[in-house]
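Remarks on the structure that follows.
Below, read A as the first sequence line, B as the second, and so on, with proteins coming before strands; counting in each chain starts at 1.
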Amino acid sequence: MGSLVPFQDLNLCPEPPLPATVNISTSATPSATINRTTTFNFLTPKIEPKQEPFDEPTPTQTIHQQENFLFSVSNSTPDFIPNPETTPPANASSSADDQNALYSEYFRISELFRSAFAKRIQKYGDVEVLDPDSRAIVPVPEQSQLTPETSPTDGSNLERALSVVVSRKKAGRSNELVRVTNLGIDDQRHFRDLVRRTRMMYDSLRVLVISEEEKRTGPGNGRRARGDLRAAAVMRDRELWLNRDKRIVGAIPGIEIGDVFFFRMELCVVGLHGQIQAGIDTLPASQSSSGEPIATSIIISGGYEDDEDSGDSIIYTGQGGQDKFGKQCMHQKLEGGNLALERSMHYGIEVRVIRGFKYENRVSGKVYVYDGLYKILDCWFDVGKSGFGVYKFRLSRIEGQPEMGSSIMKFAESLRTKPLSTRPMGYLTLDISMKKERVPIFLYNDIDNDHDPMYYDYLVNTVFPLNVFGQGSNSTGCDCVSGCTEGCFCAMKNGGDFAYDYGGILLRGKPVIFECGNFCQCPPSCRNRVAQHGLRNRLEIFRSRETGWGVRSLDLIQAGAFICEYAGVVLTRDQAEVFKMNGDTLIYPNRFSERWAEWGDLSRIFPEYVCPSYPSIPPLDFAMDVSRMRNAACYISHSSSPNVLVQCVLYDHNNLMFPHLMLFAMENIPPMRELSIDYGVADEWTGKLSICN
DNA sequence: GGAATGTCAGCAGA
DNA sequence: CTCTGCTGACATTC
C-alpha cells in the first residue's frame, strides 16, 4: 500500500497557529537555573477537526492520479519497474519507454502536488509559536540507582554504572517538528557549553569503557569493546542525549558548522542526526500529523556509487536497494527516507548535511563534519551505475552560511603539503621554531605589517631554576623495562590509574600528572609519556583582526590530545618582583582557570564522583617571563568558553612547586579553528592580553 | 606495507 | 516482534 494518505485526508492546518510567548527554562542543572526565552517555529502542521478542501486542482482528478502513482511506486512489485529476476537490468530497452512514460507521469503528478501545496508551504517558514511545555534540552535525570558509598573507580560499581538496564523503558524521540530561531548571544553560549559538556561526557565514557575493557583483558588482547556504542547507551539510559524532545529542523543550537565528530553515535547523542546507520533521518510518517515523513538531516559518506558531491551542490542517492555488501542489487522505492526527502523538498524544509570521510591516519572509521543547511531542489528517478533504479535528489547549500568544514579541512590538507602554492602571500616564516620542534610552526600575516613574533627566541620547553631539580632525593622512578603496566610504581604515583589511554589521550584531569621520566626504566614509547614528547600537530600563528595574534592547527586535534607546553622562563616570587619593576610582562600560572577539573567529569553518571584531589600540589607560586623567549602557546587567545585546557605535568623533575603547564584539547578542534585558553581573572597581568597588545 | 575487502558484533528506529 | 541501515574494529587479502 502506498505511504501517502489521499490528499483530502492530509491533516494540514489551514491557518498558522497563533503566536504566543512563554519563558522556556533551558538550564541544564536545577542548581543553576537561568530562564531563557527561546523561540521555536513549529513546523508540524496541527491537526484541525475540520479540514477545508483544497481549491485546486480539483480533488477528484488529483486523488485519482495520486493513487495510481502511489500504487505504482510504493508497491513491492511496482508495475513500471522491470523485475530484475526476469528482465536484464541494464540496457533494458524494451522497458525504457515505459520508464520514460512513468517518469513523465511522476513529474506531472509532482507538479500537481507542488501547486496544490504551494500556498500552505509558504506559511511554514515564518510561523512563530511557543509551547509552554517545550524544552530544548532534556531535563536532568533522577539520581541514578547507584549506591553512593562506593567509589566510582571500584570495579564492580563501575561495571554496574556502565551497564545499561535491559528492561528500561525506552524514551522515544519526539514527534514535534520545530525550528529554533532567535537565539541571543547568551543562548548561543549556553547551548554551545551544553553541547561541549555533553560531548566531553560522551568521550570520557567512551575511553573509560575501552580502558576498563583493556584492564580486564590486557592491551591488544581480544576485540576492543565498542566504547562508542556503550557510552551512548549509558547516556541514553540516563536521558542525557540532547534534543530528544524536539525534532529540530535546521541548525541545532550549540553545534557550529565545521564541528567534527568521530562516531555516528555521537551525532545521535547531540541530536544532529538520529540514525546510527541510515543516512537519512526523518520524522516518520506514523508520527507526522500530516501523515507524511519529513527528512531533517542526511549523511553523505560515499556509501552510494551514484552520489555526486561537489560541495555546494550535491546529487544524493536515496536509500535502499543494496545488498549487505553495499552493492545496488534492486530498485529503490519511494518510501521511508526517500519519500521523506521528497516531502521535505515539497515543503521547502531544509536539511542538515553531514559529510563522513576517511581522514588521515584513522585506520578504520571516519570523521563526520557538519557542513550546514541545504535546500532540496529536485528529485527524480534514475537508472544508477549498476543498472538499478535509484532516487536522486539535487541539493544546494543555502547561502550566507560559514564556510564548509569539509572544504576547510581539504584546504588545511593542501596547506600542510604545499603551503606556498596554496597561499603564496602572507607567510613570514614556515617554521618559527627553527626546527626546534618536531613539526614546523607557520607564521602567517595577511592583514598588516606586524612581524612581532619573529623577534623572540623560540623556547620549546619551560626553563626552570636550577635548584628545582634538587639533589636527587626525589629522583624515583619505575622499573618497567618494557613499558609501564597497571599498578606499577608510576601508576601509583598518579593515584593508581594512568592519566592517558594507550593513544595518548588525557582520560581525566588531575591537579598534577606524573609522567615517567629520566629516573624510570621504561622506554620512550611508554604510555605514561605523552606531553614530554612535545608538539605533534602542525600549528600556525596567525594575525587576526579580532584577537591580535592567534594560534590554529592545520591538523584535526582530537579531544583530550596533547597540544603543546605553555613555555616560559620560570621566576620565583622574589625574582618576579624585580622583573615586574622593570616593566616586563609576566604570566602568573595560578590565574589559569582550573579547566582540567571539567575534563573527565562523570558526576552525572556517578553521583559519588568527586573532582580528583590526588596527586595534590601546593598552589602555584611562580611567574613566567615570556618577554624574551616564548613558544606558540602565548599567542593563544583568551576565551571564557575555551577549547584548550591547562594541565600540570611533571616528568623531568619531581618538584611539586614547579610543574610544566601542558595544554590539551577540550574538544575535537577542526583544522583552522582558533585555539583558546581560559586565562582566568582579567586583570593587569592576564596572560596574553598584557603580552601581545 | 598500505589500501581494499571481508567478517562480525552491535543497536536504535521504524 | 522483525527488519533494515552510508558502523567500527580488526583480520585477511591483494
Side-chain angles (χ1 to χ4, degrees), chain A residues 3 76 164-166 168-175 206 209-210 213-214 217 219-237 239 241 244 247 261-269 271 273-288 291-309 314-330 332-333 335-341 351-369 371 384 390-393 502-503:
Chain A
S3 307
S76 53
V164 176
V165 185
V166 178
R168 62 176 175 246
K169 199 179 119 203
K170 291 191 180 179
R173 302 174 77 192
S174 161
N175 62 359
R206 191 180 58 78
V209 167
I210 293 170
E213 194 73 10
E214 276 177 339
T217 63
N221 297 335
R223 184 173 283 263
R224 275 169 80 188
R226 286 287 298 268
D228 57 322
L229 301 182
R230 292 277 299 281
V234 169
M235 287 178 71
R236 196 177 85 121
D237 211 33
E239 294 179 40
W241 286 22
R244 295 267 292 175
R247 297 294 185 105
F261 303 81
F262 287 103
F263 298 93
R264 286 289 295 256
M265 267 300 187
E266 202 178 356
L267 303 173
C268 297
V269 169
H273 186 84
Q275 303 285 333
I276 57 175
Q277 285 194 18
I280 306 169
D281 194 20
T282 65
L283 175 72
S286 59
Q287 292 182 38
S288 164
E292 302 167 300
I294 302 289
T296 54
S297 61
I298 61 167
I299 295 182
I300 175 163
S301 61
Y304 280 80
E305 59 191 8
D306 297 308
D307 283 350
E308 292 170 43
D309 184 3
I314 302 169
I315 293 177
Y316 187 80
T317 312
Q319 66 187 186
Q322 291 189 327
D323 60 19
K324 57 183 175 177
F325 308 112
K327 274 252 155 222
Q328 290 300 139
C329 63
M330 55 191 282
Q332 294 185 344
K333 296 168 191 164
E335 60 187 24
N338 300 345
L339 182 60
L341 276 174
V351 291
R352 296 183 289 274
V353 170
I354 299 125
R355 283 191 171 79
F357 47 91
K358 282 186 98 64
Y359 190 72
E360 295 272 291
N361 46 3
R362 272 180 72 78
V363 213
S364 60
K366 298 191 174 100
V367 297
Y368 298 94
V369 182
D371 268 344
V390 292
Y391 280 90
K392 289 190 171 177
F393 301 89
Y502 286 94

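- With rounding to whole Å, Leu229(A) atom CG is found 9 Å from dG8(C) atom P.
- Counting any heavy atom pair closer than 4.0 Å across all strands shown, Ile276(A) reaches a base atom.
- A straight line from CD of Glu335(A) to P of dG13(B) spans 20 Å, rounded to a whole angstrom.
- A sub-4.0 Å separation between OP1 or OP2 of dC6(C) and a side-chain N or O of Lys366(A) is absent.
- The Pro284(A) side chain lies nearest to dA14(B) when the options are dA14(B), dG10(B), dA12(B).
- Arg264(A) comes within 4.0 angstrom of sugar-phosphate atoms only, judged by non-hydrogen atoms across all strands, and of no base.
- Of the possible donor and acceptor atoms, one in the side chain of Arg247(A) sits under 3.5 Å from a partner among the backbone N and O of Thr282(A).
- Arg236(A) has a side-chain polar atom (N or O) that falls below the 4.0 Å cut-off from OP1 or OP2 of dA12(B).
- With dA9(C), dA12(B), dG10(B) as the choices, the nucleotide that has an atom nearest any side-chain atom of Phe263(A) turns out to be dA9(C).
- Between Tyr368(A) and dC6(C) there is no side-chain N or O to OP1 or OP2 distance below 4.0 Å.
- Side-chain atoms of Asp228(A) do not come within 3.5 Å of backbone N or O of Glu266(A) as any donor-acceptor pair.
- Under 4.0 angstrom from either OP1 or OP2 of dT7(C) there lies at least one side-chain N or O belonging to Ser301(A).
- In this structure, Glu266(A) atom CD and dC11(B) atom P are separated by 18 Å, rounded to whole Å.
- Residue-level contact check: Gly279(A) touches the backbone only, with heavy atoms under 4.0 Å from sugar-phosphate atoms and none from bases.
- With hydrogens and angles disregarded, a donor-acceptor distance shorter than 3.5 Å links the side chain of Tyr316(A) to the backbone of Ile299(A).
- With hydrogens and angles ignored, the 3.5 Å screen pairs no side-chain donor or acceptor of Asn175(A) with any backbone N or O of Ser288(A).
- Where Arg226(A) and Ala232(A) each meet DNA chain B at their nearest nucleotide, the meeting point lying more 5' is that of Arg226(A).
- Atoms CE (Met265(A)) and P (dG13(B)) sit 8 Å apart, rounded to a whole Å.
- The residue Thr317(A) sits close to a base: some heavy atom pair falls under 4.0 Å.
- For the pair Phe357(A) and Val367(A), the minimum side-chain heavy-atom distance is below 4.5 Å.
- Here Phe357(A) lies out of heavy-atom contact (under 4.0 Å) with every strand.
- Nucleotide dG10(B) has no partner under the Watson-Crick or G-U criteria, as no pair reaches both atom distances under 3.5 Å.
- Taking the side chain of Arg173(A) as heavy atoms from C-beta on, and the options dG13(B), dA9(C), dG5(C), the nearest nucleotide is dG13(B).
- Remark: Arg206(A) is not in phosphate contact with dA9(C), judged by side-chain N or O atoms under 4.0 Å from OP1 or OP2.
- Closest to the Gln287(A) side chain, of the nucleotides dT7(C), dA14(B), dA12(B), is dA14(B).
- The distance between atom NZ of Lys358(A) and atom C1' of dA3(B), rounded to the nearest whole Å, is 9 Å.
- Nearest to the side-chain atoms of Ala278(A) among the listed nucleotides dG13(B), dG5(C), dA12(B) stands dG5(C).
- The CD1-C1' distance, from Ile299(A) to dT7(C), rounds to 10 Å in whole Å.
- Gly274(A) comes within 4.0 angstrom of the backbone, heavy atoms only, and of no base.
- Computed from coordinates, the Phe262(A) CZ to dA9(C) P distance equals 11 Å when rounded to whole Å.
- Asp228(A) comes within 4.0 angstrom of sugar-phosphate atoms only, judged by non-hydrogen atoms across all strands, and of no base.
- For Gln319(A), a side-chain nitrogen or oxygen approaches OP1 or OP2 of dC6(C) to under 4.0 Å.
- Note: CZ (Phe261(A)) to P (dT7(C)) measures 16 Å, nearest angstrom.
- The partner of dC6(C) is absent, by the rule that a Watson-Crick or G-U pair needs both atom distances under 3.5 Å.
- In this structure, of dA12(B), dA14(B), dT7(C), it is dA14(B) that holds the atom nearest to the side chain of Arg247(A).
- Within the 4.0 angstrom heavy-atom criterion, base atoms lie near Gly302(A).
- The closest donor-acceptor contact from the side chain of Arg264(A) to the backbone of Tyr368(A) lies at 3.5 Å or more, if one exists at all.
- In terms of modelled atom types and a separation under 3.5 Å, the side chain of Gln332(A) and the main chain of Gly318(A) share a donor-acceptor contact.
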